J.: 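Before anything else, here's the structure in question.
Both ligands and their constituent atoms are indexed starting at 1 by order of listing. Nothing here was measured: the structure is a model prediction, and the numbers come from that model. Note that the numbering runs from 1 along the sequence shown for the chain.
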Amino acid sequence: MIDDLRDFLDALEERNKLSTVSGADWDLEIGTINELMAERQGPGLVFDEIKGYPKGFRVATNLMHHEIGQRLAFGFPEEMTKLECVADWKRKWNKFQPVSPVEVEDGPVRENILKGDDIDIYKIPTPKWHTHDGGRYIGTGVITITRDPDEGWVNFGTYRVMIQDKTTLAFYASPGKHATIMREKYWAMGKPCPVAMCFGQDPLLFALSTMPLPWGTPEYDMAGYIKGKGIEVVIDPETGLPIPASAEIVACGFSPPPEEDSRQEGPFGEWQGYYASGTRDEPVVHIKTLYHRNDPILFGQPPVKPPVNTWFPIPIHTATFLWNELEKAGMMDIQGVYVHGPGDRIIAVISLKQRYLGHAKQIGTLAGAFLQGGACTGRYIITVDEDIDPSNLDEVLWAVCTRCDPEHYIDIVPGFLTSPLDPMLNPDKRAKKDYTTAKVFINACRPYHWKDKFPPTNVAGPELREKVLTKWSDLFKDV
Ligand SMILES: Cc1cc2nc3c(=O)[nH]c(=O)nc-3n(C[C@H](O)[C@H](O)[C@H](O)COP(=O)(O)O)c2cc1C
């Protein structure tokens with residue numbers, strides 16, 4: 001059972017998927033090694049003896065850029081296909097029974113508790129990840145914990161965090177994100193927002209923190225449900241927030257209203273592969289207590305230019321939600337949903353068995369409306385027939401190339417919400433804060449009204465294939 005980051009690193013090591021690097025520099029070297037390794041789909045990395053830092057103060061990266069990391073974190077068996085993982089997560093999600101966290105008095109996170117003048121966030125060997133980053137980003141694999149002041153429930157969200165000084169952190173949470181809504185509620189009451197930022201933890205907690213769970217659903221309860229036991233937490237007395245008892249590093253403090261304090265945040269090498277959102281004033285957190293384990297490990301998940309996937313190789317956080325929303329809206333005979341492209345959110349593919357005229361178009365347009373929650377989200381929505389595996393982009397492209405006449409089966413609809421991180425916002429739109437984009441709907445299903453006359457595919461039938469494979473099994477055994 002993986003209960004913290006250290007168990008997770010052990011599990012990677014057992015599978016020969018972890019390397020230790022000694023002597024790297026926090027200033028661009030760790031970030032570039034991570035980039036080169038992620039591009040090569042190489043092992044997870046633990047950096048120790050970082051230049052200027054004592055042995056034991058470590059940084060772990062490249063843990064989730066490869067499938068094995070995500071499979072371990074979520075408990076997906078290796079033999080499950082990616083589409084089956086999406087379907088499995090959808091099943092689990094639909095049966096969700098909250099399992100509350102369990103409060104404990106003590107835990108490894110309390111091995112070091114620093115307050116007042118003893119707080120110096122630079123003690124943590126935080127990399128400058130990308131050449132033009134505006135500073136050192138401690139929060140890339142972060143979970144930011146906040147409590148709704150009206151409803152009392154506790155949220156996790158991953159929002160990037162830049163060090164401003166020894167005790168001050170700036171964090172960028174987009175409009176509409178749960179922490180954005182919560183902090184604005186505190187500020188409207190004239191109060192600072194209590195915040196706990198956790199910079200190294202069980203990767204399942206991190207993964208859930210990046211998922212758009214609905215408003216009111218605490219990620220702690222979801223993590224407890226997946227693990228079959230409540231997550232152990234200790235309460236930070238000053239903020240009252242529950243923090244994972246086995247976390248590596250947690251900064252607890254308060255975020256004052258921006259008119260009291262906000263700082264320049266960015267530029268940052270973002271997940272679409274650009275420094276698109278530049279520099280802006282963003283809210284800060286003043287650290288009141290810094291907790292860390294002995295020999296703490298900072299968990300880094302910095303963006304790497306696509307096609308490296310900075311989110312997760314299997315798009316359970318987008319495809320599952322889209323699939324569920326379509327079914328809730330009454331859409332029948334969906335065979336599979338998958339989302340490709342940077343952030344697993346730009347090219348949505350829905351495979352369906354067409355039942356009636358307009359079925360594919362209805363599903364495509366609904367998908368365009370439902371798939372949201374990030375820059376250039378769902379820019380392309382593609383519907384394909386049931387014989388196409390939506391997780392296989394080559395098959396999807398084959399369908400687009402051979403079953404879609406662009407004159408009649410591609411629609412471009414302007415005016416959907418995107419975000420300031422969208423690199424395609426031209427300077428005029430950016431100045432006007434017109435964060436909108438068009439979406440492209442591609443219907444690559446055989447045209448419904450003549451689908452029975454559509455030429456058959458030239459693949460051998462299933463029985464013939466099976467018979468030939470059985471008879472010639474020696475020929476195929478190693479391929
Ligand atoms: C590695 C990574 C970094 C992210 N960074 C940010 C960020 O800086 N700001 C942001 O608003 N969302 C960011 N996201 C997306 C949010 O974590 C995601 O939308 C999540 O659902 C937010 O939680 P919430 O729904 O509780 O607001 C990031 C996601 C990942 C995987």
J.: Among the heavy atoms of Trp271, does any lie under 4.0 Å from an atom of ligand 1?
T.: no

J.: Which of the atoms of ligand 1 are close to Thr210, meaning less than 4.0 Å from one of its heavy atoms?
T.: 17 (O), 18 (C), 20 (C), 21 (O), 30 (C), 31 (C)

J.: Within a distance under 4.0 Å of any heavy atom of Ser209, pick out the atoms of ligand 1 and give their elements.
T.: 17 (O), 20 (C), 22 (C), 23 (O)

J.: Does the cation-pi check pass for Lys439 over Phe416, that is, NZ or CZ under 6.0 Å from the six-membered ring centre and within 45° of its axis?
T.: yes

J.: Any luck finding a side-chain donor-acceptor pair between Asn324 and Asn94 under 3.5 Å?
T.: yes

J.: Among Leu421, Thr217, Thr158, which one has a heavy atom closest to atom 17 (O) of ligand 1?
T.: Thr158

J.: Which ligand 1 atoms are under 4.0 Å away from a heavy-atom of Ala173?
T.: 11 (O)

J.: For Gly343, state whether at least one heavy atom is located under 4.0 Å from any atom of ligand 1.
T.: no

J.: How about Phe206 and Phe299: are their ring centres within less than 6.0 Å of each other?
T.: yes

J.: Find all atoms of ligand 1 within a distance of less than 4.0 Å from any non-hydrogen atom belonging to Arg160, and give their numbers and elements.
T.: 7 (C), 8 (O)

J.: Purely on distance, is any nitrogen or oxygen of Lys177 under 3.5 Å from one on ligand 1?
T.: yes

J.: Compute the ring centroids of His66 and Phe312, then answer whether they are less than 6.0 Å apart.
T.: no

J.: Measure Met211 to ligand 1 on non-hydrogen atoms and call it side chain, backbone, both or neither using the 4.0 Å cut-off.
T.: backbone

J.: Give the atoms of ligand 1, by number and element, whose distance to some non-hydrogen atom of Gln301 is under 4.0 Å.
T.: 1 (C)

J.: Taking the six-membered ring of Trp153 (Phe, Tyr or Trp), confirm whether the NZ or CZ of Arg147 is under 6.0 Å from its centre and within 45° of its axis.
T.: no

J.: Within a 6.0 Å radius of atom OH on Tyr380, are there more than 12 heavy atoms belonging to other residues, nucleotides or ligands?
T.: no

J.: Tell me whether the NZ or CZ atom of Arg183 lies within the 45° cone about the ring axis of Phe171 and under 6.0 Å from its centre.
T.: yes

J.: Is it the case that the side chains of Tyr172 and Glu270 hold a donor-acceptor pair, with the cut-off being a distance below 3.5 Å and no angle test?
T.: no

J.: Taking the six-membered ring where the residue is Trp, are the ring centres of Phe321 and Trp93 under 6.0 Å apart?
T.: yes

J.: Report, in ascending order of atom number, the atoms of ligand 1 lying under 4.0 Å from any heavy atom of Ser174.
T.: 10 (C), 11 (O)

J.: With atoms numbered from 1 as shown, which atoms in ligand 1 lie under 4.0 angstrom from a non-hydrogen atom of Phe156?
T.: 23 (O), 26 (O)

J.: Looking at Asn155, which atoms of ligand 1 are within less than 4.0 Å of one of its heavy atoms?
T.: 26 (O)

J.: Test your reading of the structure: does Gly157 have an N or O sitting under 3.5 Å from an N or O of ligand 1?
T.: no

J.: Determine, using ring centers only, whether Tyr275 and Phe268 are less than 6.0 Å apart.
T.: no

J.: Can you confirm, on distance only, whether ligand 1 has an N/O atom lying under 3.5 Å from any N/O atom belonging to Leu213?
T.: no

